[in-house]
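Have a look at the structure below, then the notes.
Indexing begins at 1, ligand by ligand and atom by atom, following the structure's order.
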Amino acid sequence: MRVSWRQRIRFALAELLYGSGRSRRRVAPALRRRRPHVVYVLGLHRVLSPEQERQAHSLPGMVMRAPTFARLLEFLVQNFRVLSLDEFLSGDFEPRDGRPACLITFDDGWRDNYTVAFPLLQQYRLPATIFLATGFIGTDRTFWPEQLIRAWPDPVLRERIRQRAATAGGTAHKELEALIESLKHRPAARREEILQPLAETVGGANGDALLSWEEAAEMARAGIRFGSHTVTHPLLTYEDEATVRYELSVSRQQIEAKLQQPVRAFAYPNGDWNPQVRQRVQDAGFECAFTVRSGVHRADDDPLTVRRFLFHEGCVVGRDGNFSAAVTRFRLAWGR
Ligand SMILES: [Zn+2]
């Protein structure tokens with residue numbers, strides 16, 4: 001693992017503040033005293049086995065390794081009262097035996113949520129909520145960043161896309177991550193024009209597959225709850241009102257029809273919201289909606305802009321590359 005100076009400082013602070021046995025339960029009591037009714041909402045994306053990791057094309061910020069995820073669940077069982085979505089919606093955030101409330105969520109609906117995360121959740125008897133981008137569920141398609149990452153080694157294709165992005169008004173990003181970030185912040189139709197060459201050459205989801213409806217239904221029967229994450233995963237703040245209404249209502253209808261469970265929760269793609277989008281989410285009848293703004297959610301906070309701690313491998317491992325309770329506590333206490 002390459003360790004940056006920022007990470008070194010984070011590790012040092014984490015060990016200093018949360019590394020010793022003495023401060024084992026430090027996060028919980030400190031917060032219980034100050035603000036009793038809070039929930040730590042965790043937001044994850046993919047959980048990968050070593051084999052799947054070799055075949056996946058997601059950015060590091062999307063991925064947690066299976067052994068790390070197992071250790072994280074063990075940590076949550078020991079230190080938190082893990083809520084179901086229904087308990088979260090009931091507003092009962094009371095700590096149990098000194099353990100504050102937490103909620104486990106996944107965005108997008110990746111197939112590895114079924115093959116890797118679901119068996120581990122069952123093993124630890126933990127509830128979780130998965131937010132589905134319904135247009136991808138049960139298809140052989142995947143998200144455009146994974147397609148772009150897969151296409152990137154091809155110099156001809158790479159240059160074509162770079163030029164199209166530059167012509168369309170952006171800068172000619174050389175770095176893949178910078179290009180992805182700039183492409184995110186455009187209306188979907190404009191982005192699709194730029195990425196047209198991908199559609200011609202990169203087919204199928206391969207190592208970046210999303211759930212089938214059958215897999216989702218099996219998890220639903222076992223108690224996993226599902227929420228909406230739109231149909232096509234646009235950043236809603238860049239779309240017109242009709243598109244936003246469509247994305248919200250159709251994704252909800254699809255999940256309710258396929259999984260026979262009421263859809264009460266929504267997660268904003270990329271966490272992006274503004275007052276207009278928030279209002280549309282309320283109009284569509286969602287009872288809660290999740291952002292990616294870091295921090296705890298308090299009982300009296302707006303349920304339609306719930307804060308979450310985004311979690312990936314790099315947030316929870318220590319210097320040795322293995323799960324670290326101290327680093328995880330540091331992230332939950334400071335949001336970094
Ligand atoms: Zn997403």
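- A donor and an acceptor atom, one from each side chain of Thr115 and Gln52, are located under 3.5 Å apart.
- When the ring pair (Phe, Tyr, Trp, His ring centres under 6.0 Å) test is applied to Phe309, the partners found at least two apart in sequence or on another chain are Tyr40.
- Excluding water, every protein N/O/S atom under 2.8 Å from the Zn ion (ligand 1) is given here by residue and atom: Asp108 OD1, His229 NE2, His233 NE2.
- Aromatic ring centres of Phe290 and Phe88 lie closer together than 6.0 Å.
- Residues passing the side-chain contact (heavy atoms from CB on, under 4.5 Å) test with Gln196, sequence neighbours excluded: Arg164, Ala199, Glu200.
- Pairs passing the salt bridge (charged side-chain N to carboxylate O under 4.0 Å, His left out) check and including a residue from residues 128-143, sequence neighbours excluded, do not occur.
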Worksheet item: Hey, mind stepping through Arg308 and Thr105 against side-chain hydrogen bond (donor to acceptor under 3.5 Å, both in side chains) and telling me if it holds?
Response: CA-CA 9 Å; Arg308 286 190 292 182; Thr105 69; 3.0 Å; yes

